S.K.: 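One structure, as structure tokens, below. Some questions next.
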Amino acid sequence: MACVVSLRDITKSYRMGQELVEALRGITMEVEAGDFVAIMGSSGSGKSTCMHILGCLDTPTTGSYALEGVNVERLSKNQLAEVRNKKLGFVFQGFNLLTRTTARENVELPLIYAGVPTRERHQKALAALEMVGLARRAEHYSNQLSGGQQQRVAIARALAGDPTLILADEPTGNLDSKTSEEIMEVFEKLHAQGITIIMVTHEADVAAHARRVLTFKDGQIISDRRRQDGGWAGPGGQ
């Protein structure tokens, strides 16, 4: 399998007043194409900082990050913006939809920024909504949709540009348990279609839907488990 993500000895430090905070302390990990990885850890463990670096929203203090073999940590702001637009799809806890805009129009937003022609944009948006089971709601406004439906629109928006990698940051954080389960079923279906997903969550039952779980503590990976037929295997596995 091709390697999509390769982090090598990633550190991230920043100052809070007089104190130097080491958010990441030597993170090394690889994610292969088609994998479904959950990153877990308590508040302050470094998982969100790692996600920001993976999403090219922040750069490491030291270390290297290769996305599909291309080192991105030294790219300019404009180059990083292009990577985010063309290679990454984001799903956030808060949905981040425009309320007075239809589901289809929300999904089309990143395609507009990418300069995709109108007709192709419509086709891609409808295809993405079909993938998450919302094609019939394409012309409904965001405020006419339930929380679970809004998150499906957000997932469709992340898919529309055919990204290399989907990054989901606490995608069920604003949802009840039943709706959370439905959203995780969507992610499992996408994974079954070969889409690469990295998800941050603090909920073990959500992480259990992934094929691999990395646990962070104090800026380091302390456990790397992979789901197999007989259960979980790997350092820290059962």
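Source: prediction; values computed, not measured.
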S.K.: What distance do Met40 atom CE and Ile222 atom CD1 have between them, rounded to the nearest 0.5 Å?
M.R.: 10.5 Å

S.K.: Do Lys77 and Glu82 touch side chain to side chain, with heavy atoms closer than 4.5 Å?
M.R.: no

S.K.: Determine whether Asp35 and Arg226 make a side-chain contact, defined as any pair of heavy atoms from C-beta on separated by less than 4.5 Å.
M.R.: yes

S.K.: Using modelled atom types only, decide if a donor and an acceptor are shared between the side chain of His191 and the backbone of Ile197 within a distance under 3.5 Å.
M.R.: no

S.K.: Run the salt bridge (charged side-chain N to carboxylate O under 4.0 Å, His left out) test on Lys189 and Glu185 for me, step by step, so that the C-alpha distance in whole Å, both residues' side-chain angles and the decisive distance to 0.1 Å come before the verdict.
M.R.: CA-CA 6 Å; Lys189 288 177 182 177; Glu185 287 175 5; 5.6 Å; no

S.K.: Following the transitive rule for hydrophobic clusters with a side-chain heavy-atom cut-off under 4.5 Å over Ile, Leu, Val, Met, Phe, Trp and Tyr, establish whether Val200 and Ile183 coincide in one cluster.
M.R.: no

S.K.: So how far is it from Gln220 CD to Glu22 CD, rounded to the nearest 0.5 Å?
M.R.: 9.5 Å

S.K.: Which of these passes side chain to side chain donor-acceptor pair (under 3.5 Å) with Lys12: Thr61, Asp58, Thr59, Thr62?
M.R.: Asp58

S.K.: Under 3.5 Å, is there a donor-acceptor pair between the Glu182 and Thr179 side chains?
M.R.: no

S.K.: Return the minimal non-hydrogen interatomic distance between Met199 and Ala207, and the atom names on each side.
M.R.: CE-CA, 4.2 Å

S.K.: Is Ser146 reaching over with its side chain to a backbone N or O of Gln149, donor-acceptor style, under 3.5 angstrom?
M.R.: yes

S.K.: Show your working on salt bridge (charged side-chain N to carboxylate O under 4.0 Å, His left out) between Arg211 and Glu188 and close with a plain yes or no.
M.R.: CA-CA 9 Å; Arg211 300 300 301 177; Glu188 285 191 325; over 6 Å; no

S.K.: Could you grab the distance from atom OG1 of Thr196 to atom CG of Leu190, nearest 0.5 Å is fine?
M.R.: 11.0 Å

S.K.: What pair of heavy atoms forms the shortest contact from Arg25 to Asp218, and how long is it?
M.R.: NE-O, 2.8 Å

S.K.: Give a yes or no answer on whether the side chain of Asn174 reaches the backbone of Gln93 with a donor-acceptor pair at less than 3.5 Å.
M.R.: yes

S.K.: One pair to check against side chain to side chain contact (heavy atoms under 4.5 Å, CB included): Val91 and Asp169. What are the steps and the verdict?
M.R.: CA-CA 6 Å; Val91 181; Asp169 192 357; over 6 Å; no

S.K.: What are the two closest non-hydrogen atoms of Ala158 and Phe90, and how far apart are they?
M.R.: CB-O, 3.6 Å

S.K.: Donor-acceptor pair, distance only, cut-off 3.5 Å: does the side chain of Arg227 make one with the backbone of Ala208?
M.R.: yes

S.K.: Say whether Val37 and Leu88 are linked into one hydrophobic cluster, either directly or through other cluster members, by side-chain heavy-atom distances under 4.5 angstrom.
M.R.: yes

S.K.: Kindly indicate whether the side chain of Arg212, heavy atoms from C-beta on, has any atom under 4.5 Å from the side chain of Val31.
M.R.: yes

S.K.: Would you say that more than 12 heavy atoms from the other residues, nucleotides or ligands in this model lie under 6.0 Å from the CZ of Phe92, or not?
M.R.: yes

S.K.: For the residue pair Asn106 and Arg157, what are the closest heavy atoms and their distance?
M.R.: O-CD, 3.4 Å

S.K.: Considering all heavy atoms of both residues, which atom of Val186 and which atom of Ile155 are nearest to each other, and what is their separation?
M.R.: CG1-CD1, 4.1 Å

S.K.: Decide yes or no on side chain to side chain contact (heavy atoms under 4.5 Å, CB included) for Val153 and Val132, but give the supporting numbers first.
M.R.: CA-CA 8 Å; Val153 173; Val132 300; over 6 Å; no

S.K.: Applying salt bridge (charged side-chain N to carboxylate O under 4.0 Å, His left out), run through Lys87 and Asp162 and close with a yes or a no.
M.R.: CA-CA 8 Å; Lys87 291 187 175 293; Asp162 193 25; over 6 Å; no

S.K.: Between Ser42 and Ser45 (side chain of the first, backbone of the second, donor and acceptor by atom type, cut-off under 3.5 Å), is there such a pair?
M.R.: no

S.K.: In this structure, would Phe187 and Phe95 fall into the same cluster of hydrophobic residues linked by side-chain contacts under 4.5 Å?
M.R.: yes

S.K.: Pair Leu159, Ile195 - check side chain to side chain contact (heavy atoms under 4.5 Å, CB included), show working.
M.R.: CA-CA 9 Å; Leu159 291 168; Ile195 294 171; 3.6 Å; yes

S.K.: Enter the distance from Ile221:CD1 to Cys50:SG here, rounded to the nearest 0.5 Å.
M.R.: 6.5 Å

S.K.: Which is it for Phe216 and Ile27 under the side chain to side chain contact (heavy atoms under 4.5 Å, CB included) test, yes or no, and what are the steps along the way?
M.R.: CA-CA 9 Å; Phe216 280 45; Ile27 297 292; 3.8 Å; yes

S.K.: Between Tyr65 and Leu54 (side chain of the first, backbone of the second, donor and acceptor by atom type, cut-off under 3.5 Å), is there such a pair?
M.R.: yes

S.K.: Calculate, to the nearest 0.5 Å, the distance between atoms OG1 and CD1 belonging to Thr49 and Ile10 respectively.
M.R.: 12.0 Å

S.K.: Using 0.5 Å steps for rounding, measure from the CZ atom of Arg137 to the OG1 atom of Thr102.
M.R.: 13.5 Å

S.K.: Decide whether Met131 and Phe36 are clustered together by the hydrophobic rule: side chain heavy atoms of Ile, Leu, Val, Met, Phe, Trp, Tyr closer than 4.5 Å, transitively.
M.R.: yes

S.K.: Using a 4.5 Å cut-off on heavy atoms from C-beta on, say whether the side chain of Ile198 contacts that of Leu165.
M.R.: yes

S.K.: Check Cys56 against Val72 and note the closest heavy-atom contact, atom names and distance.
M.R.: SG-CG2, 4.1 Å

S.K.: Out of Glu120, Arg119, Arg121, which one pairs with Pro117 under the side-chain contact (heavy atoms from CB on, under 4.5 Å) rule?
M.R.: Glu120

S.K.: Is there a side chain to side chain donor-acceptor pair (under 3.5 Å) between Glu68 and Thr164 once you walk through the steps?
M.R.: CA-CA 8 Å; Glu68 286 193 306; Thr164 299; 3.1 Å; yes

S.K.: Are Ile166 and Ile39 linked, directly or through other ILVMFWY residues, by side chains that come within less than 4.5 angstrom of each other?
M.R.: no

S.K.: Does a side-chain heavy-atom distance below 4.5 Å link Gln151 with Pro171?
M.R.: yes

S.K.: Give a yes or no answer on whether the side chain of Glu181 reaches the backbone of Lys178 with a donor-acceptor pair at less than 3.5 Å.
M.R.: no

S.K.: Would you indicate whether the side-chain heavy atoms of Leu80 and Asn78 approach each other to under 4.5 Å?
M.R.: no

S.K.: Is a donor on one side and an acceptor on the other found under 3.5 Å between the side chain of Gln144 and the backbone of Tyr141?
M.R.: yes

